[in-house]
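Data block below; observations after.
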Amino acid sequence: QVQLVESGGGLVQPGGSLRLSCVVSGSFFSINGMGWYRQAPGKQRELVATITWGGSVNCVDSVKGRFTISRDNAKNTVYLQMNNLKPTDTAVYYCNAEIRATVFTRMNDCWGQGTQVTVSS
């Protein structure tokens, strides 16, 4: 069984920084794209940033220049470095990974349990 475990969330003041990590564990054949999504209270879950196995990245305009997504394929880990945080970044952040369980199965979207990020003075 595959698990995605996020860490690194917390309470930070505006202008501060946090680094989120997400480790994929368990039995699987391969990981393709990985990414971070977030969901603020009363809002739909939205894309924050994604990264391919080869390192190509994509992120939403609201975080460009402040957030950086990266991954370590050897460690099955994806990171989100968040700088100059704003109160509008407050949300539960979810890790996502496209995982193939065996060589015979298709890619499936897998999700972590989420980690709370609160930006407040």
Side-chain angles (χ1 to χ4, degrees):
Q1 186 176 357
V2 174
Q3 282 191 314
L4 281 67
V5 179
E6 300 109 332
S7 61
L11 173 63
V12 64
Q13 292 186 342
S17 297
L18 284 174
R19 188 192 195 207
L20 304 183
S21 299
C22 172
V23 180
V24 180
S25 63
S27 178
F28 55 89
F29 177 72
S30 65
I31 303 173
N32 193 12
M34 304 183 81
W36 291 94
Y37 291 71
R38 65 186 180 187
Q39 187 166 18
K43 294 188 177 181
Q44 289 188 328
R45 190 175 298 189
E46 65 169 358
L47 168 71
V48 177
T50 59
I51 184 167
T52 66
W53 188 90
S56 296
V57 303
N58 178 51
C59 64
V60 67
D61 286 346
S62 61
V63 307
K64 283 182 179 178
R66 301 189 298 122
F67 291 10
T68 302
I69 188 171
S70 61
R71 66 189 285 175
D72 185 333
N73 291 329
K75 296 181 178 179
N76 299 321
T77 301
V78 62
Y79 306 97
L80 186 67
Q81 178 66 44
M82 305 185 293
N83 298 328
N84 191 21
L85 281 158
K86 303 176 180 181
T88 50
D89 295 317
T90 296
V92 177
Y93 283 70
Y94 296 91
C95 173
N96 170 267
E98 299 172 315
I99 296 175
R100 188 188 301 273
T102 74
V103 67
F104 303 108
T105 57
R106 63 178 63 185
M107 287 286 182
N108 283 317
D109 263 343
C110 299
W111 294 89
Q113 80 288 350
T115 185
Q116 177 70 46
V117 172
T118 302
V119 185
S120 175
S121 55

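Owing to the predicted nature of the structure, the values given are computational and were not obtained by experimental measurement.
Connection of Met34 to Tyr37 is not established within any shared hydrophobic cluster, with ILVMFWY side chains joined at heavy-atom distances below 4.5 Å, either directly or through further cluster members. A single hydrophobic cluster is seen to contain both Tyr94 and Leu47, as judged by linkage of ILVMFWY side chains at heavy-atom distances under 4.5 Å, directly or through other members. Hydrophobic cluster membership differs between Tyr79 and Ile69, with clusters built from Ile, Leu, Val, Met, Phe, Trp and Tyr side chains linked at under 4.5 angstrom. If you chain together hydrophobic residues whose side chains sit under 4.5 Å apart, Val78 and Val117 fall into the same group. Connection of Leu80 to Val60 is established within a shared hydrophobic cluster, with ILVMFWY side chains joined at heavy-atom distances below 4.5 Å, either directly or through further cluster members.
Counting heavy atoms from C-beta outward, Ser120 and Leu11 have side chains that approach closer than 4.5 Å. The shortest side-chain heavy-atom distance between Asp109 and Glu98 falls under the 4.5 Å cut-off.
For the pair Thr118 (side chain) and Thr90 (backbone), a donor-acceptor distance under 3.5 Å is absent. A side-chain donor-acceptor contact under 3.5 Å links Glu6 to the backbone of Gly114. A donor-acceptor pair is defined here as one N or O able to donate and one able to accept, closer than 3.5 Å; such a pair exists between the side chain of Arg71 and the backbone of Thr52. Distance alone, capped at 3.5 Å, is enough to place a donor-acceptor pair between the Arg100 side chain and the Thr105 backbone.
In this structure, Tyr93 and Phe67 have tilted ring planes: the angle between them lies in the 30° to 60° band.
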Would you please test Arg38 and Val63 for side chain to side chain contact (heavy atoms under 4.5 Å, CB included) and show each step? CA-CA 12 Å; Arg38 65 186 180 187; Val63 307; 4.1 Å; yes
For the pair Val2 and Asn108, evaluate side chain to side chain contact (heavy atoms under 4.5 Å, CB included) and give the outcome as yes or no after the intermediate values. CA-CA 11 Å; Val2 174; Asn108 283 317; over 6 Å; no
Take Met82 and Trp36 through the test side chain to side chain contact (heavy atoms under 4.5 Å, CB included) and record every step on the way to the result. CA-CA 12 Å; Met82 305 185 293; Trp36 291 94; over 6 Å; no
Test side chain to side chain contact (heavy atoms under 4.5 Å, CB included) on Val12 and Ser17 and set out the steps. CA-CA 7 Å; Val12 64; Ser17 297; over 6 Å; no
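Open room surrounds CD on Gln3; 12 or fewer heavy atoms of other groups in view lie less than 6.0 Å from it. Open room surrounds CH2 on Trp53; 12 or fewer heavy atoms of other groups in view lie less than 6.0 Å from it.
To the nearest 0.5 angstrom, Ser30 atom OG is 9.0 Å from Ile99 atom CD1. Taking OG1 from Thr68 and CD from Gln81, the interatomic distance works out to 7.0 Å, rounded to the nearest 0.5 Å.
Between Arg66 and Leu85 the shortest heavy-atom distance is NH1-CA, 3.9 Å. Nearest heavy-atom pair across Ser121 and Pro14 is N-CD, 3.7 Å. Here the closest heavy-atom approach between residue Ala97 and residue Val24 is recorded as CB-CG2, 4.4 Å. For Ala91 against Gln116, the heavy-atom pair with the smallest separation is O-NE2, 3.4 Å. Looking at every heavy atom in both residues, Cys110 comes nearest to Leu4 through O-CD2, 3.5 Å.
Salt-bridge formation is not detected for the pair Lys86/Asp89: no Lys NZ or Arg NE/NH1/NH2 atom is positioned less than 4.0 Å from an Asp or Glu carboxylate oxygen.
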